[in-house]
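Working notes, beginning with the structure itself.
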2 protein chains.
Amino acid sequence: MASRVPELTATPRAQEIISSARGLLEEEGYDGLTMRRLAERLGIRAPSLYKHLPDKQALETALIRIGFEEWMDAFEQAATSEAPLPALLAAYRAFARDYLHLYRLMTERPLDRERLGPGIEERAAAPFATATGGDPDLARALWAFAHGMTILELNERFPNNADIDAAWTRGAHALVQP
Amino acid sequence: MASRVPELTATPRAQEIISSARGLLEEEGYDGLTMRRLAERLGIRAPSLYKHLPDKQALETALIRIGFEEWMDAFEQAATSEAPLPALLAAYRAFARDYLHLYRLMTERPLDRERLGPGIEERAAAPFATATGGDPDLARALWAFAHGMTILELNERFPNNADIDAAWTRGAHALVQP
DNA sequence: GTCTATATCAAGATAGAC
DNA sequence: GTCTATCTTGATATAGAC
């Protein structure tokens, strides 16, 4: 039976390639993630990659899937901590800061559910539902706030003198006060 | 003296081209906005475009600048209405819905301040400051919420049965209650 | 597992004629 | 203002040898 989670059953070499691709993505951004540059980084030629991966889309899907696994690990842990909301928002900021281009890849276009499997957006959003005690509207509002803060900061939309920490705190308190 | 706002002094033909580009962008998305397709849409050949525009970047800059002018018109008007907050958020949703790909072009990457002129991010954010009575942290939190809701909805990150209107209302009330 | 050679496509842009 | 012809670059991907 064929696996639905390719990267988990990928050959060691394929895993090396995916891992290298992740580094390339973070260092060069999405436009820098090309098969040629990836091969160069690995010290081989681009066509050799196709012996390990069917195409570039499979590579991107693997990266996105790994991203969501780490996302869910980090956020589920935060959402079930003693102070779920500050922990969740801190984890959210940290994730986007540490995996900047992966975060973009994961959020800036619709998910390919055919390849990623069903229900991934629900699973990604679940930590927010947990942290807000199961209120789905509030969970969505909180997630939107976190995503918006993240992206607007990343895209340098706030003035240089803006107190971004204060905006995070202000929004978080307003959204989750008792 | 050279103008700092090229599209305002552009020749009529250049304005036609920019206008056509805007239609192409909305119909085909950012990847569809190529010089070849733009020329095709205008019934001419691609090289002819370069008699009217220096390069593609100038075209994108013109589109973004026009977008911000309409953005500011719509949001400033809303921010000074009788019920500024619902009006502003409604205008925000309407703008993104009506100019979907232009909204993405305007928000999904850092602004080119060299070309757009200084202070554009402050001017774009100003309506939120007005609507929140001048509290900058709250204004940023509210903008982040609006942007996050917009993008997550656009990218189909909410489940099919999600009540997106309710999430907007919930977040707006939480952020701007007295 | 990697290589060379190559196919295919499409992008932005320029030169110079009309 | 538009054209044809062309340059340059760089992307994904395949075939088949080693």
Side-chain angles (χ1 to χ4, degrees), chain A residues 6-65 101-102 104-105 108-109 112 114-116, chain B residues 6-65 101-102 104-105 108-109 112 114-116:
Chain A
E7 85 283 3
L8 294 181
T9 54
T11 63
R13 189 60 174 139
Q15 292 186 37
E16 285 173 17
I17 291 170
I18 293 165
S19 171
S20 184
R22 184 172 178 176
L24 179 60
L25 174 65
E26 288 307 334
E27 286 171 26
E28 308 280 340
Y30 181 72
D31 288 346
L33 179 62
T34 72
M35 299 305 264
R36 283 205 224 278
R37 293 171 77 91
L38 174 56
E40 186 184 14
R41 190 184 171 91
L42 287 156
I44 61 177
R45 304 287 179 163
S48 306
L49 297 170
Y50 292 88
K51 301 293 182 180
H52 307 284
L53 298 164
D55 51 32
K56 193 187 178 182
Q57 213 166 20
L59 178 66
E60 291 186 8
T61 301
L63 290 174
I64 291 171
R65 193 182 283 120
H101 290 101
L102 184 57
R104 296 195 114 115
L105 190 61
E108 287 195 336
R109 46 180 176 172
D112 188 339
E114 292 276 320
R115 287 186 177 74
L116 287 166
Chain B
E7 85 282 5
L8 294 182
T9 53
T11 63
R13 188 58 175 140
Q15 291 186 39
E16 285 172 16
I17 291 170
I18 292 166
S19 171
S20 185
R22 184 171 179 178
L24 180 59
L25 174 65
E26 290 305 333
E27 287 172 25
E28 308 281 340
Y30 181 73
D31 289 345
L33 180 62
T34 72
M35 300 303 266
R36 285 206 221 281
R37 292 172 77 91
L38 175 57
E40 187 185 15
R41 190 184 170 93
L42 287 156
I44 62 176
R45 305 287 178 163
S48 306
L49 296 170
Y50 292 87
K51 300 294 182 181
H52 307 284
L53 298 164
D55 51 32
K56 193 186 178 184
Q57 213 166 20
L59 178 66
E60 291 185 8
T61 301
L63 290 174
I64 291 171
R65 194 183 281 120
H101 290 102
L102 184 57
R104 295 195 114 116
L105 190 62
E108 287 196 335
R109 44 181 176 171
D112 188 339
E114 291 277 320
R115 286 186 176 75
L116 286 167

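Please read these numbers as outputs of a predicted model, since none were measured by experiment. Every heavy atom of this structure was used, including side-chain atoms; hydrogens, water molecules and symmetry mates were not. Each chain gets a letter, A, B and so on, in the order the sequences are listed, and its residues count up from 1.
Bounding nucleotides for the chain B contact on DNA chain D, 5' to 3', at a heavy-atom distance below 4.0 Å, are D:dG1 to D:dA5.
Nearest-nucleotide positions on DNA chain C for B:Arg37 and A:Gly43 put A:Gly43 closer to the 5' end. Nearer the 5' end of DNA chain D, as judged by each residue's closest nucleotide, is the contact made by A:Met35, out of A:Met35 and A:Lys51.
A:Leu63 and A:Ala21 make their closest contact through CD1-CB, 4.3 Å (heavy atoms, listed as atom of the first residue, atom of the second, distance). Closest of all the heavy-atom pairs between A:Gly32 and A:Leu24 is O-CD2, 3.7 Å.
Going from atom CD of B:Gln57 over to atom P of C:dA11 covers 18 Å, rounded to whole Å. The separation between B:Leu24 atom CG and C:dA11 atom P is 11 Å, rounded to whole Å. In this structure, NE2 of B:His52 is placed 15 Å from C1' of C:dA13, rounded to the nearest angstrom. Atom C1' of nucleotide C:dG12 and atom CG of B:Leu38 are separated by 13 Å, given to the nearest angstrom.
For the atom pair CD1 (B:Ile17) and CG (B:Leu59), the distance works out to 8.5 Å, reported to the nearest 0.5 Å. The CZ atom of B:Arg104 sits 10.5 Å away from the CD atom of B:Glu26 when rounded to the nearest 0.5 Å. Atom CG of A:Leu25 sits about 9.0 Å away from atom CZ of A:Arg22, to the nearest 0.5 Å. One distance of note links CG of A:Leu33 with CD of A:Glu27; it measures 11.5 Å at 0.5 Å rounding.
With a 4.5 Å cut-off on side-chain heavy atoms, B:Asp112 and B:Ile64 do not count as touching.
Residues satisfying the side chain to side chain contact (heavy atoms under 4.5 Å, CB included) test with B:Ser20, not counting sequence neighbours, are B:Leu38, B:Arg41, B:Leu42.
Screening residues 46-57 of chain B for side chain to side chain donor-acceptor pair (under 3.5 Å), with sequence neighbours left out, gives B:Gln57-B:Arg115. Applying the side chain to side chain donor-acceptor pair (under 3.5 Å) definition to pairs two or more places apart or across chains, those involving residues 29-38 of chain A are A:Glu28-A:Arg37, A:Tyr30-A:Glu60.
Across all strands shown, B:Lys56 has heavy atoms under 4.0 Å from sugar-phosphate atoms exclusively, and none from any base.
Between its opening and closing five pairs, the helix from C:dG1-D:dC18 to C:dC18-D:dG1 changes axis direction by 0°, a value rounded to 10 degrees.
For A:Arg45, the CZ atom counts as loosely surrounded, since its 6.0 Å shell holds 12 or fewer non-hydrogen atoms of other residues, nucleotides or ligands.
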Report each atom pair, protein N/O against N/O of nucleotides 4-8 of chain C, whose distance is under 3.5 angstrom.
residue : atom : partner : partner atom : Å
C:dT4   : OP2  : A:Arg45 : NE           : 3.2

